[in-house]
Visitor: 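Can you read through this structure? Questions will come right after.
Residue indices begin at 1 and follow the sequence shown.
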Amino acid sequence: MATFKDFNFKLIVVEQLMYVDERLTPQFRLADLLKEKGLGDPWEYAQQHGLAYQIVPEARSYFESLEIGDELLADVEELCMDGGNQVYQECAPVWDGEDDLFDVASLDDLVLLPNLRRVLGSEFLGPELRNVLSARGIAAD
């Protein structure tokens with residue numbers, strides 16, 4: 001199983017595999033997890049526990065421990081970086097996309113995606129990271 005160095009990059013991969021392609025199952029729903037634990041609605045839970053604009057610890061724990069097989073990673077040809085990604089709402093239900101909470105700091109994990117050809121929303125990456133994509137022949141749109 002692959003080990004990711006950048007949690008936020010892993011979330012982008014999870015977005016593609018779990019919420020877009022629906023191949024990484026079951027789909028994680030913070031609401032279901034909190035309901036199961038008797039903790040209530042995600043938005044209210046985040047507000048009541050001082051977790052506005054932060055990743056809810058239960059979601060972080062789930063995604064950090066989530067294993068993604070090499071065969072699924074090899075199928076990833078495109079990623080989309082967008083503040084409206086479902087995975088971000090599952091992690092931080094009280095988040096407006098106006099800060100750096102989900103910014104990717106490193107592209108070291110590109111080695112885990114041998115067939116990645118395109119990254120949509122790459123304007124959210126700094127110039128040095130866009131250069132890394134370009135050097136690997138990955139279209140940065």
Side-chain angles (χ1 to χ4, degrees), residues 1-126 128-141:
M1 292 290 162
T3 301
F4 285 81
K5 296 177 183 177
D6 187 300
F7 178 71
N8 289 337
F9 186 83
K10 182 178 185 180
L11 291 178
I12 296 167
V13 174
V14 168
E15 173 72 19
Q16 185 65 40
L17 291 171
M18 185 176 284
Y19 300 106
V20 176
D21 297 342
E22 299 182 345
R23 295 189 60 220
L24 181 59
T25 57
Q27 284 190 353
F28 175 79
R29 300 275 183 226
L30 182 60
D32 295 342
L33 178 68
L34 295 179
K35 182 178 179 182
E36 181 180 299
K37 292 183 172 190
L39 299 174
D41 170 81
W43 193 88
E44 290 175 7
Y45 177 78
Q47 290 286 22
Q48 292 170 354
H49 291 87
L51 297 169
Y53 308 100
Q54 296 179 43
I55 297 174
V56 173
E58 291 84 355
R60 178 179 289 281
S61 177
Y62 177 85
F63 287 117
E64 282 179 343
S65 65
L66 180 66
E67 294 184 356
I68 305 173
D70 295 338
E71 66 284 348
L72 282 178
L73 294 172
D75 288 343
V76 175
E77 295 181 3
E78 181 176 284
L79 295 174
C80 179
M81 300 173 64
D82 183 279
N85 284 352
Q86 179 68 33
V87 73
Y88 299 151
Q89 292 306 305
E90 299 301 338
C91 284
V94 181
W95 182 67
D96 60 9
E98 298 296 323
D99 61 23
D100 62 356
L101 182 63
F102 294 108
D103 285 2
V104 172
S106 166
L107 292 177
D108 291 346
D109 295 322
L110 286 175
V111 298
L112 303 174
L113 305 172
N115 296 308
L116 183 64
R117 301 289 175 252
R118 184 175 185 197
V119 175
L120 301 169
S122 62
E123 66 270 12
F124 295 111
L125 296 172
E128 65 285 342
L129 295 181
R130 286 193 305 274
N131 289 338
V132 169
L133 292 175
S134 179
R136 290 180 178 252
I138 299 169
D141 298 330

Visitor: Tell me if the centroids of the rings in Phe63 and Phe28 come within less than 6.0 Å of each other.
Guide: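 Phe63 vs Phe28: aromatic centres under 6.0 Å.
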Visitor: Any heavy-atom pair between the side chains of Glu58 and Lys37 that's under 4.5 Å?
Guide: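 Yes - at least one pair of side-chain heavy atoms lies under 4.5 Å apart.
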Visitor: Could you give me the CA-CA distance, side-chain angles and deciding distance for Tyr19 and Val87, then say whether side chain to side chain contact (heavy atoms under 4.5 Å, CB included) is met?
Guide: CA-CA 8 Å; Tyr19 300 106; Val87 73; 3.9 Å; yes
Visitor: Going by side-chain hydrogen bond (donor to acceptor under 3.5 Å, both in side chains), name the residues that satisfy it together with Glu15, two or more places apart in sequence or in a different chain.
Guide: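 Checked Glu15 against side-chain hydrogen bond (donor to acceptor under 3.5 Å, both in side chains); zero matches.
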Visitor: Looking only at heavy atoms, what is the nearest atom pair of Leu101 and Ala92, with distance?
Guide: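 So the minimum-distance heavy-atom pair works out to CD2-CB, 4.0 Å.
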Visitor: Could you list the residues that satisfy ring pair (Phe, Tyr, Trp, His ring centres under 6.0 Å) with Phe9, not counting sequence neighbours?
Guide: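 Scan of Phe9 (ring pair (Phe, Tyr, Trp, His ring centres under 6.0 Å), adjacent residues dropped) gives none.
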Visitor: Which residues pass the ring pair (Phe, Tyr, Trp, His ring centres under 6.0 Å) test with Phe4, not counting sequence neighbours?
Guide: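 Partners of Phe4 under the ring pair (Phe, Tyr, Trp, His ring centres under 6.0 Å) test: none.
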Visitor: Enumerate the residue pairs fulfilling salt bridge (Lys or Arg N to Asp or Glu O under 4.0 Å) with a member in residues 85-113, sequence neighbours excluded, ordered by first and then second residue.
Guide: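 Checked against salt bridge (Lys or Arg N to Asp or Glu O under 4.0 Å) - neighbours excluded - the pairs reaching residues 85-113 are Arg29-Glu90.
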Visitor: Measure the spacing between CZ of Phe102 and CG of Leu11 and express it to the nearest 0.5 Å.
Guide: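 Answer rounded to 0.5 Å: 6.5 Å.
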Visitor: Kindly indicate whether the side chain of Pro57, heavy atoms from C-beta on, has any atom under 4.5 Å from the side chain of Leu51.
Guide: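 The answer is yes; the side chains approach within 4.5 Å.
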Visitor: Give, for atom CD of Gln16 and atom CG of Asn85, the distance between the pair rounded to the nearest 0.5 Å.
Guide: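 CG of Asn85 is found 9.0 Å from CD of Gln16.
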Visitor: Can you tell which of Tyr53, Trp43, Tyr88 makes a ring pair (Phe, Tyr, Trp, His ring centres under 6.0 Å) with Trp95?
Guide: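 When ring pair (Phe, Tyr, Trp, His ring centres under 6.0 Å) is applied between Trp95 and each of Tyr53, Trp43, Tyr88, only Tyr88 qualifies.
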Visitor: When rounded to the nearest 0.5 angstrom, what is the spacing between CD in Gln27 and OG1 in Thr25?
Guide: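 If I round to the nearest 0.5 Å, the distance is 8.5 Å.
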Visitor: What is the distance from atom CD1 of Ile55 to atom CG of Leu30, rounded to the nearest 0.5 Å?
Guide: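 Output value for this atom pair is 11.5 Å.
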Visitor: Within a strict 4.5 Å, meaning less than it, do heavy atoms of the Leu112 and Val13 side chains meet?
Guide: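 A side-chain contact is absent here, since even the closest heavy-atom pair is not under 4.5 Å.
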Visitor: What's the separation between atom CG in Asn8 and atom CZ in Phe124, rounded to the nearest 0.5 Å?
Guide: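 Reported to 0.5 Å precision, the distance equals 13.5 Å.
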Visitor: Could you check if a side-chain atom of Leu116 sits within less than 4.5 angstrom of a side-chain atom of Leu79, using non-hydrogen atoms only?
Guide: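 They are in contact (side-chain heavy atoms under 4.5 Å apart), so the answer is yes.
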Visitor: Cut-off 3.5 Å, no hydrogens considered: what does the side-chain donor-acceptor table look like for residues 66-77, sequence neighbours left out?
Guide:
| unit_1 | atom_1 | unit_2 | atom_2 | d |
| --- | --- | --- | --- | --- |
| Asp75 | OD2 | Arg23 | NH1 | 2.6 |
| Asp75 | OD2 | Arg23 | NH2 | 3.1 |

Visitor: Which heavy atom of Asp6 sits nearest to which heavy atom of Ser106, and what is that distance?
Guide: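 That would be OD2-N, 3.0 Å.
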Visitor: Mind checking whether Val56 and Pro42 have side chains closer than 4.5 Å, heavy atoms only?
Guide: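 The answer is no, as the side chains (C-beta and beyond) never meet within the 4.5 Å cut-off.
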Visitor: Please list, one pair per line, the donor and acceptor atoms closer than 3.5 Å that link side chains of residues 130-141 to other protein atoms, with sequence neighbours excluded.
Guide:
| unit_1 | atom_1 | unit_2 | atom_2 | d |
| --- | --- | --- | --- | --- |
| Arg130 | NH1 | Leu125 | O | 2.3 |
| Asn131 | ND2 | Pro127 | O | 3.3 |
| Asp141 | OD2 | Arg118 | NE | 2.3 |
| Asp141 | OD2 | Arg118 | NH2 | 2.9 |

